[in-house]
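To find a chain, count down the sequence lines: A is the first, B the second, and so on, and within it residues start at 1.
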2 protein chains.
Amino acid sequence: MKTKQPKFNITELKQILQGYSIHPSHQRLQILMYLLEHKTHPTTDIIYQFLAKKIPTLSKTTVYNTLKVFLAQGIIVELAIDEHELRYDANIKPHAHFKCKQCGQIYDVFAKSLLFNMDFIDGHQVTAYQVYLKGICKNCL
Amino acid sequence: MKTKQPKFNITELKQILQGYSIHPSHQRLQILMYLLEHKTHPTTDIIYQFLAKKIPTLSKTTVYNTLKVFLAQGIIVELAIDEHELRYDANIKPHAHFKCKQCGQIYDVFAKSLLFNMDFIDGHQVTAYQVYLKGICKNCL
DNA sequence: ATCATTGCAAACACTTTGCATACGC
DNA sequence: GCGTATGCAAAGTGTTTGCAATGAT
């Protein structure tokens with residue numbers, strides 16, 4: 001399965017971070033670039049392993065710190081579709097996620113039937129939601 | 001907020017476990033009883049802390065083991081609505097969950113608009129799903 | 001010069017594993 | 001008696017914390 005990986009230039013990424021008042025350090029720019037170019041719902045470790053090749057001094061602490069900063073600003077979203085690991089998604093368009101129990105692949109699902117437009121339910125104010133689907137993906141069927 | 005806590009007797013619980021070919025040990029019965037009488041989405045630790053009072057020799061390993069056995073049989077479901085802890089739910093009726101960002105309380109949501117009846121989406125076969133809502137609950141508003 | 005970011009190492013929390021003991025049919 | 005369940009202790013994993021060094025303005 002291929003995912004489109006649009007290219008982003010550094011100037012563009014700097015502007016994104018500055019828009020959130022985040023200092024655009026080299027590490028942060030690279031992590032943001034990774035997330036935007038690889039919308040494959042990576043774990044912290046996947047991001048670290050990839051970027052450590054390009055930034056030999058990179059520490060995992062920085063990846064953790066940076067993801068926390070991005071999360072706090074809403075630049076990325078944390079996914080717990082697999083109960084035993086956290087993944088990160090820079091895809092801002094609202095969508096659901098599907099995880100294949102067999103191959104482990106996580107797919108984005110943009111079907112409208114899985115999107116809600118709700119402010120309140122049972123009297124509770126809803127500000128965010130996630131829909132996680134599981135099963136067997138089309139490639140494994 | 002009060003949750004209904006129907007009482008279950010041991011004979012009844014034994015039958016449930018035997019129906020799944022699970023040996024109904026004292027620990028397993030007590031853990032199942034806890035889950036059925038307190039549908040409050042407890043963590044492993046909450047279950048352990050409560051039952052350790054009644055079973056002083058209880059170990060957390062047994063709680064972990066037992067939850068894994070129940071999960072494998074589909075007696076309970078694992079919830080990752082909070083990305084940083086796992087909770088368990090013995091409520092078999094399909095429903096969504098809402099977590100209040102302020103008080104941390106997790107509510108069951110039975111609204112039909114949050115239930116799907118889907119076999120396939122984008123060509124993937126869906127066998128299970130979870131809907132996690134977040135926001136401010138009616139008591140905190 | 002000052003303040004923020006980075007990165008190492010240590011600490012932490014949670015979960016799993018290995019194994020000896022105890023239990024149940 | 002044999003196979004399973006339990007529970008302790010140790011190991012493992014992922015994440016956070018403390019702090020000194022570095023970097024940016």
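Between the side chain of B:Thr62 and the main chain of B:Leu58, no donor-acceptor pair closer than 3.5 Å is present.
In this structure, A:Tyr107 has its ring center under 6.0 Å from that of B:His124. Residues A:Tyr132 and B:Tyr129 keep their aromatic ring centres 6.0 Å or farther apart.
Remark: C1' of D:dG14 and OH of A:Tyr88 are 11 Å apart, rounded to the nearest angstrom. A:Ile22 places its CD1 atom 17 Å from the C1' atom of C:dC3, with the value rounded to the nearest Å. Rounded to whole Å, the distance from CD on B:Gln18 to P on C:dG24 is 14 Å. Atoms CG (B:Leu29) and P (C:dC23) sit 16 Å apart, rounded to a whole Å. Atom NE2 of B:His23 is separated from atom C1' of D:dC2 by 14 Å (rounded to the nearest Å). Distance CG (A:Leu17) to P (C:dT5): 11 Å, rounded to an integer number of Å. Atom OH in A:Tyr64 sits roughly 18 Å away from atom P in C:dA10 (whole-Å rounding). In this structure, the OH atom of A:Tyr48 is 9 Å from the P atom of C:dG7, given to the nearest Å.
Contact between the side-chain N/O atoms of A:Ser25 and the OP1/OP2 oxygens of C:dT6 is found at a separation under 4.0 Å. Residue B:Thr62 places at least one side-chain N or O closer than 4.0 Å to OP1 or OP2 of D:dG7. Contact annotation: B:Lys68 reaches the phosphate of C:dT16 (side-chain N/O to OP1 or OP2, under 4.0 Å).
Checking D:dT15, D:dT6, C:dC8 against every side-chain atom of B:Asn65, the shortest atom distance belongs to D:dT6. For B:Gln27, taking side-chain heavy atoms from C-beta onward, the closest of the listed nucleotides C:dG7, D:dG7, C:dT5 is D:dG7.
A residue-by-residue look at A:His26 and A:His84 shows that A:His26 has its nearest nucleotide of DNA chain C further toward the 5' end. The residue among B:Pro24 and B:Thr44 whose nearest nucleotide of DNA chain C is located toward the 5' end is B:Thr44. Mapped onto DNA chain D by nearest heavy atom, B:Arg28 and B:Pro56 fall at different nucleotides, with B:Arg28 at the one closer to the 5' end.
Contact of B:Thr61 with D:dC8 (side chain to base): a donor-acceptor pair of N or O atoms is detected under 3.5 Å.
A:Tyr34 pairs in a ring-ring contact (aromatic ring centres under 6.0 Å, His included) with only one of the listed residues (A:Tyr48, A:Phe50, A:Phe8, A:Tyr88), which is A:Phe50.
Within 4.0 Å (heavy atoms only), B:Glu85 reaches no atom of the nucleic acid at all.
B:Asn91 and B:His41 share no donor-acceptor pair across their side chains, judged by distance under 3.5 Å alone.
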